[in-house]
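Index from 1, following the sequence. Whatever order the structure lists them in is the order used to number ligands and atoms, beginning at 1.
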Amino acid sequence: MIDLSVTYAGLTLKNPIIVGSCGLTNSVESLKKLESNGAAAVVLKSIFEEQILHQTDFEITEAQKNEFLYTQYSESIDYIDQYMKEDTVTSYLKLIKDAKKELLIPVIASINCVSNYEWSRFAKRVEDAGADAIELNVFLHPSDDSDVDFEQSYLDIISKVSQEVSIPVTLKMTHSFTKLSQTIQKISQTDLQGLVLFNRFYIPDVDIETLQVTPKHPYSDPHDYTLPMQWIGLNSKKVSCDLAASTGIHSAESLIKQLLVGASAVQLVSALYLNGPEYIQTILKGLEEWMNSKGYNYVNQFKGKLATDNKYPATFERIQFMKYFSQIK
Ligand SMILES: Cc1cc2nc3c(=O)[nH]c(=O)nc-3n(C[C@H](O)[C@H](O)[C@H](O)COP(=O)(O)O)c2cc1C
């Protein structure tokens with residue numbers, strides 16, 4: 001009998017599949033569909049830190065002076081404006097309460113934030129509404145050319161939110177750090193119980209016919225899984241909290257690879273937009289078949305088997321690079 005259960009961020013999950021924060025996790029009806037198809041936990045659609053709204057006000061003023069910027073931001077401005085009108089906070093807390101009434105699986109709230117200002121007290125209300133954990137989506141964008149110290153901002157946000165709540169706090173981060181491994185390890189040594197690698201920012205495209213900057217479709221590609229896999233593999237033996245993989249996991253195979261390098265769980269979003277919630281069952285079946293073929297009964301029997309324990313991974317990576325590319329004529 002194969003047991004797919006795992007533990008992630010202090011939560012016991014019946015299998016390693018968490019549905020990541022997105023439009024599919026924004027209503028109880030949709031959440032129930034995800035649960036009935038096998039999801040082990042859900043991260044609700046993010047609520048935004050108020051500061052972002054102020055910042056967006058500023059961006060509106062600035063953007064309206066500049067046609068190029070306004071085109072880029074107009075969509076998100078409309079989106080956030082609509083949110084404001086709907087009394088976001090009340091409906092978000094209601095979503096948590098309703099989800100907790102209707103679902104048996106853990107419900108993780110998600111807060112999209114850029115600072116540790118007063119909004120962090122809201123975390124307590126999220127806990128009181130019944131959320132099993134909070135995921136912070138720290139939305140500090142690499143294009144930011146101000147003097148903000150990203151790493152310090154992460155540490156400040158974690159510290160402030162952790163003081164407010166006793167439920168597990170996790171964080172989804174970007175890979176855009178100069179010393180990524182060092183940052184991952186440092187952040188893991190805080191009060192965080194889980195770290196999600198990685199966030200995926202909006203990526204624009206260019207239309208060579210209309211000569212305009214256009215939105216690229218929002219979904220990841222199946223080969224994107226190598227990004228979290230590489231960094232989880234490099235760090236899973238060196239961190240002090242659990243790791244979850246996010247970005248590009250579209251198959252049982254890419255899920256298994258994340259577990260092999262040391263992830264405790266994975267988050268799926270694009271694969272479910274592209275294939276429907278039933279696709280969770282296909283992936284779980286693939287995981288079970290693979291475990292069966294390898295004679296594994298528990299995830300812990302192979303979790304982290306391929307994580308690097310190299311003390312000097314940068315030197316190792318450089319030598320691999322030399323070896324590999326010198327063979328290609
Ligand atoms: C339509 C859509 C909406 C999303 N909304 C959110 C959100 O509200 N909060 C968040 O933290 N991430 C959001 N994300 C990002 C996903 O949670 C995830 O990190 C990203 O899509 C990478 O995972 P994937 O390759 O499985 O799609 C969204 C992604 C998509 C495609």
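- Residue contact check: S246 has heavy atoms under 4.0 Å from atoms 18 (C), 19 (O), 22 (C), 23 (O) of ligand 1.
- A donor-acceptor contact closer than 3.5 angstrom is absent between the side chains of E135 and S110.
- In terms of N/O distances under 3.5 Å, ligand 1 is approached by S21.
- The backbone N or O of I17 lies less than 3.5 Å from a partner atom in the side chain of N15, making a donor-acceptor pair.
- Side-chain atoms of T190 and L155, non-hydrogen and from C-beta on, do get closer than 4.5 Å to each other.
- Contact record, C241 with S188: SG-CB, 3.7 Å, taken as the closest heavy-atom pair.
- The number of heavy-atom neighbours closer than 6.0 Å to NZ of K33, taken from other residues, nucleotides and ligands shown, is 12 or below.
- The aromatic rings of F122 and Y92 lie tilted to each other, with the angle between the two planes from 30° to 60°.
- Any N or O atom pair closer than 3.5 Å counts here, and Y219 shares no such pair with ligand 1.
- Geometrically, ligand 1 and H250 share no nitrogen or oxygen pair separated by less than 3.5 Å.
- In this structure, G248 is part of the shell of residues with a heavy atom less than 4.0 angstrom from ligand 1.
- Between E164 and R121 there is no salt bridge, since no side-chain nitrogen of the basic residue lies less than 4.0 Å from a carboxylate oxygen of the acidic one.
- Contacts between K172 and ligand 1 below 4.0 angstrom, taking non-hydrogen atoms only, involve the side chain exclusively.
- Near S220, with a cut-off below 4.0 Å to any heavy atom, the atoms of ligand 1 are 24 (P), 25 (O), 27 (O).
- Under a 4.0 Å criterion applied to the non-hydrogen atoms of C22, ligand 1 contributes the atoms 3 (C), 4 (C), 5 (N).
- Atom numbering of ligand 1 starts at 1 in the shown order; those under 4.0 Å from a heavy atom of P218 are 31 (C).
- Interface atoms of ligand 1 facing Y273, defined by a heavy-atom separation under 4.0 Å, are 1 (C).
- V261 and Y298 are members of different hydrophobic clusters when ILVMFWY side chains are connected at heavy-atom separations under 4.5 Å.
- Considering only non-hydrogen atoms, atom 26 (O) of ligand 1 lies nearest to V269 out of L197, L274, V269, L272.
- Contact annotation: for N137 versus ligand 1, heavy atoms closer than 4.0 Å belong to the side chain alone.
- The shortest heavy-atom distance from Y225 to ligand 1 is not under 4.0 Å.
- Between T247 and ligand 1 there is a heavy-atom distance shorter than 4.0 Å.
- For F139 and F201, the gap between ring centers is short of 6.0 Å.
- Taking only nitrogen or oxygen atoms, main chain and side chain alike, N199 does not reach within less than 3.5 Å of ligand 1.
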Using ring pair (Phe, Tyr, Trp, His ring centres under 6.0 Å), reason through Y154 and F177 one step at a time and then give a plain yes or no. CA-CA 12 Å; Y154 273 63; F177 277 95; 5.4 Å; yes
